[in-house]
Participant: 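Would you mind keeping the following structure in view while I ask a few things?
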Amino acid sequence: ETLAAGLGGCPGISVIARERIVEVLRKLGANTESDDPALAVRLGQEIAARCVVSGGYQILGGQVRVTARLTDVRSGRVALTLKVDGSRAETFALQDRLVTEISSGLQGQVEAPPRTDETGSLPAFEAHSKGLLNLRGDSRESLDRAILLFEQAVALDPEYARAHMHLGAALDTKGDF
């Protein structure tokens, strides 16, 4: 969670909630603890991500090793592998170091998109438009489809304000259902 929060604050990086990741992994029939690069690519394709960060930790006595791997979804290659070691008492500092190293490794690979309420991404626009059509339906199923489509639009273009707005409205409506 600390890693997700730290990376979420970096320009041009959007973090998808762990709950959504677990949901997609279950849909794919995968173990949520798997560290397989091929699974990272399948997951990234399913959630329309450019990169997937995966990793783990090991504890031996008072020592901790935290590892992270950044997989490029489009190419399937591991773009960055990191390892940080330290004592258990330094766990928070190790997490902060990992965030710093991942964001440094991404510099130049990820550009901050211009802020606007519209999008330059045709797939994000299409997902948003389909979401709006489903939002007008009067069934729980159409509302659920609208939410998924708005989530897809946001994943495709994290700065797409209208998609965020309609996702919030759809979730609010679902709460009233």
Side-chain angles (χ1 to χ4, degrees), residues 1-113 119 121 123-124 127-128 131 144 147-160 163-164 167-168 171:
E1 293 301 320
T2 301
L3 187 61
L7 289 175
C10 296
I13 296 176
S14 177
V15 176
I16 298 172
R18 177 160 176 73
E19 294 79 17
R20 175 74 175 128
I21 300 299
V22 170
E23 174 187 325
V24 172
L25 286 171
R26 284 189 183 131
K27 177 182 165 191
L28 294 172
N31 178 350
T32 58
E33 301 302 318
S34 177
D35 196 27
D36 177 17
L39 177 59
V41 170
R42 286 180 49 216
L43 172 66
Q45 291 168 339
E46 190 71 25
I47 60 174
R50 287 187 286 175
C51 299
V52 174
V53 177
S54 57
Y57 66 93
Q58 297 172 311
I59 299 174
L60 180 62
Q63 291 299 110
V64 177
R65 170 172 285 168
V66 183
T67 59
R69 176 175 41 236
L70 181 78
T71 304
D72 181 286
V73 173
R74 209 173 304 154
S75 69
R77 76 176 180 88
V78 175
L80 183 66
T81 303
L82 298 168
K83 173 183 74 170
V84 294
D85 295 313
S87 71
R88 288 178 90 167
E90 300 174 302
T91 299
F92 298 131
L94 293 175
Q95 291 171 331
D96 292 341
R97 274 185 28 216
L98 205 53
V99 168
T100 301
E101 290 187 34
I102 290 173
S103 56
S104 294
L106 286 172
Q107 258 179 350
Q109 294 183 29
V110 177
E111 297 174 11
T119 182
S121 166
H128 177 254
D144 288 340
I147 290 169
L148 288 173
L149 288 160
F150 292 142
E151 287 174 340
Q152 181 182 6
V154 167
L156 289 165
D157 184 353
E159 298 297 319
Y160 193 4
H164 281 280
L167 174 59
L171 290 169

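Count residues from 1 along the sequence.
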Participant: Of the non-hydrogen atoms in I102 and A68, which two are nearest, and what is the gap between them?
Facilitator: CD1-CB, 4.0 Å
Participant: Rounded to the nearest 0.5 Å, how far does CD of Q58 lie from CD of Q63?
Facilitator: 12.0 Å
Participant: What distance do K27 atom NZ and L43 atom CG have between them, rounded to the nearest 0.5 Å?
Facilitator: 11.0 Å
Participant: Please round to the nearest 0.5 Å and tell me the distance separating atom CG of L80 and atom CG of D72.
Facilitator: 11.5 Å
Participant: Using a 4.5 Å cut-off on heavy atoms from C-beta on, say whether the side chain of D85 contacts that of R65.
Facilitator: yes
Participant: Please report the shortest heavy-atom distance between C51 and L70, naming the atom on each side.
Facilitator: CB-CD1, 3.7 Å
Participant: For residues I16 and A155, report the shortest heavy-atom separation together with the two atoms involved.
Facilitator: CD1-CB, 4.4 Å
Participant: Within a strict 4.5 Å, meaning less than it, do heavy atoms of the L39 and R42 side chains meet?
Facilitator: yes
Participant: Between L148 and E151, is there a side-chain heavy-atom distance shorter than 4.5 Å?
Facilitator: yes
Participant: Just by modelled atom types, is the S87 backbone N or O under 3.5 Å from a matching donor or acceptor in the E90 side chain?
Facilitator: yes
Participant: So V66 and Q95, do their side chains get closer than 4.5 Å, heavy atoms only?
Facilitator: no
Participant: Is any side-chain heavy atom of T119 closer than 4.5 Å to one of H128?
Facilitator: no
Participant: Taking CG in L60 as the centre, count heavy atoms belonging to other residues, nucleotides or ligands within less than 6.0 Å. Is the count above 12?
Facilitator: no
Participant: Rounded to the nearest 0.5 Å, what separation is found between the OG1 atom of T91 and the CG atom of D96?
Facilitator: 11.0 Å
Participant: If you compare all heavy atoms of A124 against all heavy atoms of Y160, which two are closest, and at what distance to 0.1 Å?
Facilitator: O-CE2, 3.7 Å
Participant: What I want to find out is whether R20 reaches E23 closely enough, with some N-O distance under 4.0 Å, to be called a salt bridge.
Facilitator: yes
Participant: Can you tell me how far the CG atom of L98 sits from the CD atom of E101, to the nearest 0.5 Å?
Facilitator: 6.5 Å
Participant: Please find the pair of heavy atoms, one from A40 and one from V52, that lie closest to each other, and give the distance.
Facilitator: O-CG2, 3.4 Å
Participant: How far does CD1 of I21 sit from CD1 of I47, to the nearest 0.5 angstrom?
Facilitator: 3.5 Å
Participant: Whether the S121 and D157 side chains hold a donor-acceptor pair (N or O, under 3.5 Å, no angle test) is what I'd like checked.
Facilitator: no
Participant: Can you find a pair of side-chain heavy atoms, one from I147 and one from L171, that are under 4.5 Å apart?
Facilitator: yes
